[in-house]
Amino acid sequence: QVQLVESGGGLVQAGGSLRLSCAASGRAFDSYVMGWFRQAPGKERELVAAVTWRGYSSYYTDSVKGRFTISRDNAKSTVYLQMNSLKPEDTAVYYCAAKSPDGSLWYKPPYNTWGQGTQVTVSS
């Protein structure tokens, strides 16, 4: 099992950029699908982006397509979320999560392991 620690959140103006990082410790990082979720106040947690084991395929929710990019560096056991053209509606706590293969569609929840979250606030 891996342990996950996010970093890189903060306050940014609309139109700005942030890069989130998620460092994993533990075994076999490259055996996990990695995802970024977010949860805004009063809303359910949603999957924002996911990347396959070696980074060859990715998934994005419609609202971030063309603005966010997920990537991973297995040598560093780290997954990233580059967020450009940020909007106030992107404001949320962002969580990194890991998923073991379970026979379901590769990016679909449930995810097994979660980080503690990092706050992203986009001001208008």
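Only a predicted model underlies this, so the values are computations on that prediction, with no experimental measurement involved.
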Which heavy atom of [X] sits nearest a heavy atom of [Y], and at what distance?
{"X": "F29", "Y": "S77", "value": "CD2-CA, 3.5 Å"}
{"X": "S17", "Y": "N84", "value": "OG-OD1, 2.9 Å"}
{"X": "S31", "Y": "P101", "value": "O-CD, 3.7 Å"}
{"X": "K43", "Y": "Q39", "value": "O-NE2, 3.1 Å"}
{"X": "P88", "Y": "A14", "value": "CD-CB, 4.1 Å"}
{"X": "A40", "Y": "A92", "value": "N-CB, 3.8 Å"}

Taking side chain as C-beta onward, heavy atoms only, is [X] less than 4.5 Å from [Y]?
{"X": "V122", "Y": "M83", "value": "no"}
{"X": "C22", "Y": "T118", "value": "no"}
{"X": "W53", "Y": "M34", "value": "no"}

Original post:
Do Y111 and Y32 have ring centroids that are under 6.0 Å from one another?
Top reply: no
**OP:** Could you tell me whether R45 sits above the aromatic face of W114, with NZ or CZ closer than 6.0 angstrom to the six-membered ring centre and within 45 degrees of the axis?
**Re:** yes
**OP:** May I ask you to check if R67 and Y60 form a cation-pi contact, with NZ or CZ under 6.0 angstrom from the six-membered ring centre and within 45° of the axis?
**Re:** no
**OP:** Start with the C-alpha distance between L11 and V120, add both sets of side-chain angles, then the distance that settles side chain to side chain contact (heavy atoms under 4.5 Å, CB included), and finish with yes or no.
**Re:** CA-CA 6 Å; L11 173 64; V120 171; over 6 Å; no
**OP:** For E44, look at atom CD and say whether over 12 heavy atoms of other residues, nucleotides or ligands are found less than 6.0 Å away.
**Re:** no
Does [X] use its side chain to pair, donor to acceptor, with the backbone of [Y] at less than 3.5 Å?
{"X": "T61", "Y": "V48", "result": "no"}
{"X": "Q82", "Y": "T69", "result": "no"}
{"X": "W36", "Y": "A49", "result": "no"}
{"X": "D90", "Y": "T121", "result": "no"}

Original post:
Do you see a donor-acceptor pair shorter than 3.5 Å between the side chains of D73 and T78?
Top reply: no
Original post:
Just checking, any donor-acceptor pair under 3.5 angstrom between side chains of K99 and T113?
Top reply: no
Which distance, rounded to the nearest 0.5 Å, do you find between the [atom1] of [X] and the [atom2] of [Y]?
{"X": "T52", "Y": "W106", "atom1": "OG1", "atom2": "CH2", "value": "5.5 Å"}
{"X": "S63", "Y": "K87", "atom1": "OG", "atom2": "NZ", "value": "8.0 Å"}
{"X": "E6", "Y": "L81", "atom1": "CD", "atom2": "CG", "value": "11.0 Å"}
{"X": "F68", "Y": "S85", "atom1": "CZ", "atom2": "OG", "value": "9.0 Å"}
{"X": "Q1", "Y": "S100", "atom1": "CD", "atom2": "OG", "value": "8.0 Å"}
{"X": "I70", "Y": "C96", "atom1": "CD1", "atom2": "SG", "value": "8.0 Å"}

Original post:
When hydrophobic residues are tied together by side-chain contacts of less than 4.5 Å, even through go-betweens, does Y80 share a cluster with Y94?
Top reply: no
Original post:
Does anything in residues 19-30 pair up under side-chain hydrogen bond (donor to acceptor under 3.5 Å, both in side chains), and if so which pairs, sequence neighbours excluded?
Top reply: Q3-S25
Original post:
Is any NZ, NE, NH1 or NH2 atom of the basic residue among D62 and K65 found under 4.0 Å from an Asp or Glu carboxylate oxygen of the other?
Top reply: yes
**OP:** Might you work through the side chain to side chain contact (heavy atoms under 4.5 Å, CB included) test for R38 and E46, ending with a clear yes or no?
**Re:** CA-CA 6 Å; R38 67 185 179 188; E46 65 168 340; 2.7 Å; yes
**OP:** Let me know which of V51, V33, L4 forms a side-chain contact (heavy atoms from CB on, under 4.5 Å) with V79.
**Re:** V51
Original post:
What residues, two or more places apart in sequence or in another chain, satisfy side-chain contact (heavy atoms from CB on, under 4.5 Å) together with V93?
Top reply: Y95, Q119
